[in-house]
Structures are given as structure tokens and as C-alpha cells.
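Order of appearance sets the numbers: ligands from 1, and atoms from 1 within every ligand. These numbers were taken from a predicted model, which means no experiment stands behind them.
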Amino acid sequence: MGRTRRVTVATTADIPQVVERPPPALDSPVEVSRASSFDWKDHWYPIAFTKDIGSAPYPFTLLEEPIVLWRDGAGEYQCLADSCPHRLVPLSEGRVAPDGTLQCAYHGWQFRGDGACTLIPQGGDPASPRACARSYACRAAQGLGGWLAFGDMWRDLPYDAVTLIENVIDAGHVPFTHHATVSKRTSSGSFADLAVTERSEAGFRGLWPSGPRRGALGPQATEWRGPNLMRHTIEAQETRGFSNITAVYAVPIAPGRCRAIVRQPFKFKNRVIPAVMGLVPRFATHLDALKILDDDVVFLHLQEEKVVKAGLATKPPGQVGVFWRGHVWESGEGVCVGCAGQ
Ligand code: FES
Ligand SMILES: [Fe+2]
């Protein structure tokens, strides 16, 4: 990362100032010295597939903070708090000006990706700290070199990011909840050989040697990496002629709401298959893939309501890994450290 993010902070005079603070490296492990010091806002979160961000400003809410993304004149993705420093109008209601800055819809102030105001059409000093918008580090990442990006999808869900992560790690529910979608009730197997192989403050890795579908696909490896990534990997090149990763990013919008960003890349032994799969239009794969989320969505929302009402959450969902009960893995300790909020 070459650029730094500009963070607006309040001073004793209550005048916004811009300070430089480098964002964490994109692939750096989560550093947590104490659970209570975990800073949710000091990590990278995927927001959207780049193919879904057009020429207009793209609004999103991350950790209860409304933000806006856009592509500047150089084609780089930029991100600001979705609030104009002039009169607090959402900047996402504005437009991308011909010079690549973001122009507010109300009085036309324009902003660069680092938060600097470049124009106040009615006069005034754009260099004033009061004219500065809050900026966040933003970049496009994760090409899939060599893998076929089949099944990329996203959806905003009416339950917490922690509930989503727990659900996708819990392989035991798949044959029942997703019967006739991606599995069958008769495929339910034993987890007797399941083991956590590695734990750290960043998360854990585990291996299920017998794997899903009663061993038909071979072993399944699972990785949880805080604060938002769960990844299942199946290497079935020898038995079935393919490898597959299911990566689910649970992006916290607010307590009780999250965005699922799912990637399911494949690698096939037979090179004809990717060519054929590449012909399937995106909307077709999208419609089919979303059935999986439909299977869970109602009862996970209702389960979450009950858990909170029953006082089983020590804090509201979205702030702490309250739902982590280790259904499948022998212990979720490594995860809870990475998830705990302040
Ligand atoms: S509110 Fe944005 S320019 Fe006035
Ligand atoms: Fe599920």
C-alpha cells in the first residue's frame, strides 16, 4: 500500500484535523494483544465486486458508518464517509465530476479520495480543515489467477455477521438445511475425525479428513481468519477432477445486519469444463447460487432474535462473537479472540 488513509479526529478545539495513519497491510495477520483491544475499524473489509461498481457513487454502510465509494479519474477506487462536511448531505447522492473528484449534490463542493476539498463554487477556502471529508483506505484486490470464478455472489442479510460466520463453518447443517439445493439429508456424515490443526489470535485452521457427502469428495479443510473470512477448501483433483474453495466474507453492516460476499472458485483437471462454464451468463449462476442463502435466512434471523432476547449475548450482535459455541469444532477459543469487540 503506497497511500495512507486520512483520519479526521476531533481536537480540544473541536476542529477536524487530518492525521496520517497507514492502513494495515492487506494480508497481514490480525494483531490482537488483548481481546478487549480488538479494533473492528482497523481491518480490511470487502465491500463489493468491482464489476458491480459503475460510474456513479456507490453507497454502503460498514460497521454502522455510511460510506461512499467511487472510481476517480485514474480509475482508482476511493472511499469517503458518506457525509458532506458542509451540510452533512450524503455524498453518494452526488456525482463523479469530470476530473474524477466526488461532487456533492447540494452546493457542488468537490472532494478527492484523500478527503481534501478541491472546490467550493460559491467561494471560501477549500484548504480549510473544516472543508475536509473523512477518508478511508480503499483498493481493488484479489484476482483469481488460474481459478475459475464461478458462483461469485453477494447479498445483504437480516442477521449479524457473526451469525453468518457461525452458519457457514457449521458443516453439520448442510445436508439438512440445504437438502435438494447443494446436498441431501442422506449425505449427513460423522464428524468424529474432525480436528483443529492450528490456532492463533488471527483465527484457526481445521481438517475434516472424511469430508462432506460421506467422504465422496475427500477431505475438507476449513480456515477462519478474523475478522470476517471463512474458507472451506476441497482438493478432489484425483477423485473427482476438481479443486474448490468456498470463501465467505461476513461484512458487518450494523448489529443484526451483514453483507455476505461469497466466492466459489474452481480448478478443473479437464480444461474444457471451464470454457463451457464460462458461457453461463452471470445472472443464471447468481439466481441459482442465492437459493443456498434462502434456505437459512428466515430461521437464522429468528434464532438471532431469540438468542439476544434470552440474554445469551453478552453484548449486542456485531460487537462480540456471542454465537460462537463451537458446534462443530471442538473449541472456538481462537476465533473469539479475533472477534471480540470493545
Ligand atoms: S451540503 Fe455538500 S456542498 Fe453543501
Ligand atoms: Fe447454510
Answer yes or no: is there an ion pair linking E238 with K269, defined by an N-O contact shorter than 4.0 Å? yes
H173 atom (N/O/S) at minimal separation from the Fe ion (ligand 2): NE2
Tell me yes or no: between the side chains of T222 and H232, is some donor less than 3.5 Å from an acceptor? yes
Decide if the gap between the ring center of Y58 and the ring center of F60 is smaller than 6.0 angstrom. no
Please list the nearest protein heavy atom to atom 4 (Fe) of ligand 1 with its residue and the distance rounded to 0.1 Å. H107 ND1, 2.0 Å
Regarding H86, does it place an N, O or S atom less than 2.8 Å from atom 4 (Fe) of ligand 1? yes
At a 4.0 Å threshold, what atoms of ligand 1 neighbour a non-hydrogen atom of R87? 1 (S)
Distance only, no hydrogens: is a donor on one side chain within 3.5 Å (strictly under) of an acceptor on the other, for T177 and D295? no
C104 heavy atoms within 4.0 Å reach ligand 1 at atoms 1 (S), 2 (Fe), 3 (S)
Considering only N, O or S atoms, which atom of D296 is nearest to the Fe ion (ligand 2)? OD2
Any side-chain donor paired with an acceptor under 3.5 Å for Q303 and Y159? no
